[in-house]
Amino acid sequence: MTDVAHPKGLAYIVGNEAAERFSYYGMKSILVVFMTTHLVTRSGEPNTMTSAEATFWYHIFGVGNYVFPLLGALLADVVWGKYRTIIALSLVYCAGHGVLAFNSTRYGLAIGLMLIAVGAGGIKPCVSAHLGDQYRGSAAGLISSGYSFFYFAINVGALLSTLLIPLVLTTYGPHVAFALPGVFMALATLVFWFGRHRYVRTEPTTWRAYRAVFRGRENLIIWRNLSLLYFLLSTFWALFDQIGSSWVLQAERMERVVTLRFFGSFEILSSQLQAINPLLILVLTPLFALKIYPWCERRGRFGTADRLWLGMALAGLSFVIAGVAQMRINSAVNVSVLWQVGAYVALTIAEVLVSVTSLQLAYTQAPRASASLVTSLYLISVALGNLWTALYNGWLASVLGGPETARYYLFFAVLPVVTSVAARGAVMSLQARESEVRVKT
């Protein structure tokens, strides 16, 4: 019997993803610090932003990153195909890094982030779908492990860059700190191009096929329920993406010198704390998949609806921890950065429960021909979450309090807890519809 091997293009796709995520998370890790400490005018005079201002623009950038996947999905599915879409938008992505590296003004920031949002957002739904396309025939049974390599690459890239790039910013300044992620994005594009002769490529489909997934009563009910669910889940993303904005600003005011046995004392940069998330993901994802979920399933407990409900509740808990820490900071108490470590643990467990579960739910419920659209819909929920945070900081921060107040964190802590009940109901409605369809067929 011949051993089945992974597709020849896998190494190039995984290598591309690791380098691309290094570039993205490295750039993103220093964005708020750059906006509040390094922005200048065209003549070189300081032109920095306030905490609320920087948080607003950080999350507007997040909105763009998770809206443009819809554009990428359309280009890949009905115009260029996945391979050409990835190459074209990766070049746009590289250009955005170049602008940030050479122009430290607000104008340069806006242009650079726009190009990165188009590039990074546009390739999001394409690369993972392109990976799935490689698993045909006898290799189809290996697709799960292929995606495991892919997910591992994402988190390794994120972990390394969020540890390294803040150090580069502190040591060499913003030009080098933004240039290095640009180099890695160029490397990612090159690695992907090197694999061009080893990929299975799918041709773009037609607009008629795209429109078909919205026809029929059953499809419309599914899309309605999925849209409602993702709208509700946007409150989770309103919290999660603040690890790169309000949590960085809070860490700036914490005691960041940590003493560990055998390692001595060392200082953690505020931007480096974001590395806790991918590090925990690398540990928690296999733990839940291989141990916790099977244990619960054998006992008939902790189904999809329960996972989402608990995940959103834990997200709220993480912001309660951050809110209490902010209260102590504002009372002139010397607060250890370990407070945020506790908040990161709660939020990362919440991510495993919400993110992986909601994606799995979408793929099992949606019409088969609409995989890219479902991915885009899921990512638009992330965009909405960033929009809620941006709107708060743009409109309500001056009234209710910005990231420097405890009220800010407690306000966001309530959001996912309130919507979690409705989200649980939406999941149960989807599952009831699926059971009904199975009975009929």
Side-chain angles (χ1 to χ4, degrees), residues 9 11-31 34-35 38 57-58 60-76 79-131 150 153-154 156-158 160-162 164-166 168-169 172-197 199 244 379:
Y12 298 93
I13 297 171
V14 169
N16 162 268
E17 188 68 10
E20 185 272 325
R21 291 290 86 184
F22 183 101
S23 79
Y24 177 77
Y25 284 108
M27 173 277 304
K28 199 177 177 187
S29 70
I30 60 173
L31 201 49
F34 170 75
M35 289 189 284
H38 291 282
W57 286 111
Y58 178 92
I60 287 295
F61 170 61
V63 172
N65 263 288
Y66 292 101
V67 166
F68 282 113
L70 182 58
L71 170 65
L74 292 173
L75 288 174
V79 182
W80 291 335
K82 298 182 186 71
Y83 173 79
R84 280 176 288 182
T85 300
I86 293 167
I87 289 291
L89 293 181
S90 291
L91 295 175
V92 175
Y93 198 162
C94 291
H97 280 299
V99 173
L100 289 182
F102 290 103
N103 193 322
S104 293
T105 67
R106 293 195 180 204
Y107 179 77
L109 178 69
I111 297 298
L113 292 184
M114 174 58 73
L115 292 172
I116 291 174
V118 172
I123 67 175
K124 278 181 189 296
C126 305
V127 178
S128 59
H130 179 65
L131 173 61
F150 185 76
I154 290 172
V156 168
L160 295 177
S161 65
T162 48
L164 177 62
I165 299 302
V168 175
L169 177 66
Y172 299 104
H175 296 300
V176 177
F178 282 126
L180 186 55
V183 170
F184 269 82
M185 188 57 222
L187 177 63
T189 308
L190 192 62
V191 168
F192 188 76
W193 179 78
F194 278 150
R196 65 195 182 280
H197 298 307
Y199 300 139
L379 294 171

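- Considering every non-hydrogen atom in both G72 and T85, the closest pair reads O-CG2, 3.9 Å.
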### Task
Please step through side-chain contact (heavy atoms from CB on, under 4.5 Å) for the pair L74 and V79, ending with a clear verdict.
CA-CA 7 Å; L74 292 173; V79 182; over 6 Å; no
Could you pull out all donor-acceptor pairs under 3.5 Å where a side-chain atom in residues 174-195 meets a protein atom, sequence neighbours excluded?
from	atom 1	to	atom 2	distance (Å)
H175	ND1	A101	O	2.7
T189	OG1	M185	O	2.9

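- Contact of the M27 side chain with the L113 side chain is registered, since non-hydrogen atoms from C-beta on lie closer than 4.5 Å.
- Smallest separation of non-hydrogen atoms from Y199 and H130: CG-NE2, 3.5 Å.
- Annotation: salt bridge (charged side-chain N to carboxylate O under 4.0 Å, His left out) contacts involving residues 179-197, sequence neighbours excluded, are absent.
- Residues K124 and F68 form no side-chain contact, since every pair of their non-hydrogen atoms from C-beta on lies 4.5 Å or further apart.
- Listed here is the closest heavy atom pair of V99 and G112: CG1-N, 3.7 Å.
- Side chain of S29 to main chain of T162: no donor-acceptor pair is present (N/O by atom type, distance under 3.5 Å, no hydrogens or angles).
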### Message
Please determine whether side-chain contact (heavy atoms from CB on, under 4.5 Å) holds for the pair H38 and L169, giving the CA-CA distance in whole Å, both sets of side-chain angles, and the decisive distance to 0.1 Å.
### Response
CA-CA 10 Å; H38 291 282; L169 177 66; 3.9 Å; yes
### Message
Could you go through L100 and I116, starting from their C-alpha distance and side-chain angles, then the distance that decides it, and tell me whether this counts as side-chain contact (heavy atoms from CB on, under 4.5 Å)?
### Response
CA-CA 10 Å; L100 289 182; I116 291 174; 3.7 Å; yes
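- Counting only residues at least two apart or in different chains, salt bridge (charged side-chain N to carboxylate O under 4.0 Å, His left out) contacts with residues 92-102 are absent.
- Among L131, I123, I154, the single residue meeting the side-chain contact (heavy atoms from CB on, under 4.5 Å) criterion with E17 is I154.
- Partners of F102 by side-chain contact (heavy atoms from CB on, under 4.5 Å), not counting sequence neighbours: none found.
- Here the closest heavy-atom approach between residue P166 and residue S161 is recorded as CD-O, 3.6 Å.
- Residues satisfying the side chain to side chain donor-acceptor pair (under 3.5 Å) test with E20, not counting sequence neighbours, are Y93.
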### Query
When you look at L164 and L160, which way does the side-chain contact (heavy atoms from CB on, under 4.5 Å) test go after all the steps?
CA-CA 6 Å; L164 177 62; L160 295 177; 6.0 Å; no
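- The salt bridge (charged side-chain N to carboxylate O under 4.0 Å, His left out) analysis of residues 89-118, with sequence neighbours excluded, yields the pairs E53-R106.
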